[in-house]
Amino acid sequence: MNKHKSQNTILLPFPVIRMAADGNIDAINAVLKHYEGYIAALSTKRLYDENGNPHLCVDEELRRRLETKLITKILAFKVA
Amino acid sequence: MELSSSQRKTIRHQFDSFCKKVLREEYRDCVREAQRRLQYEISFSELSPQELDQLYVMDEYSTDSNHFSVLGYDVAVKDDLVSTALAALSEQKRDIILLSYFLDMTDQEIGEKLNMVRRTVQYQRTSSLRQLKKLLEGKADE
């Protein structure tokens, strides 16, 4: 999780948050872009091939699901 | 309503943690769901042959087999080789073969149905079998 530390400090600009909560598509895309790394990290799975070597791969299904959930929740966010 | 810069800052932090919480919780849901499914799911390769057999049915169509009618009975013959060989037989011989091997009748019963002596039925039956054998072996040689 350490590599996301740097992202923790970077916050989205306030206008983007307000517009995203209001349903502005560009703003929502910006939010998705902002959390892209975190989503990818959550949906990354360690798989093993027949020789037992680990492979990291992104579970696309899980990634889409997290993304979708985030979009629906962004719209529910109350800006003061 | 204008918000002060410190309020905006708070909201930006709130939004950040909100989004992260949403993602984290959804991820946890997914993992739980996967674990729950795991209890009920089983790989095809781990199924026993008997269990696998229960998973499919073969459709049977009347057009898949050739039909012969004898004494009002409808006899379906699935194997193509056998049915062409049967078709090559004379009608009486074919009737005897069908009655005895497909409808499980004894020579006595067939004799009664076809107005023949049991001995004749038996003779016809064995000679038809020889003829069938020749026909089928001939096919197999090709």
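Just so we're on the same page: letters track the sequence lines, and every chain starts at 1. On a predicted model such as this, the values are computed, not experimentally measured, just so you know.
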| query | Are side-chain heavy atoms of B:Glu112 and B:Met105 found at a separation under 4.5 Å? | reply | no

| query | Under a 4.5 Å cut-off applied to non-hydrogen side-chain atoms, are A:Leu32 and A:Asn29 in contact? | reply | yes

| query | Quick one: do B:Arg12 and B:Asp16 make a salt bridge, cutoff under 4.0 Å? | reply | no

| message | Nearest 0.5 angstrom please: A:Ile39 CD1 to A:His34 NE2, how far? | response | 11.0 Å

| query | Who in residues 64-72 of chain A is close to chain B, using a strict under-4.5 Å heavy-atom cut-off? | reply | A:Arg65, A:Leu66, A:Lys69, A:Leu70

| query | For B:Gln122 and B:Arg119, what are the C-alpha separation, side-chain angles and deciding distance, and is it a side-chain hydrogen bond (donor to acceptor under 3.5 Å, both in side chains)? | reply | CA-CA 5 Å; B:Gln122 191 197 341; B:Arg119 183 75 196 139; 2.9 Å; yes

| chain B contact via A:Val31 - which portion, at a heavy-atom distance below 4.5 Å | side chain

| said: Nearest 0.5 angstrom please: B:Lys9 NZ to B:Ile11 CD1, how far? | reply: 13.0 Å

| chain A contact via B:Phe15 - which portion, at a heavy-atom distance below 4.5 Å | both

| field | Heavy atoms from other residues, nucleotides or ligands near NZ of B:Lys93 exceed 12 (cutoff 6.0 Å) | value | yes

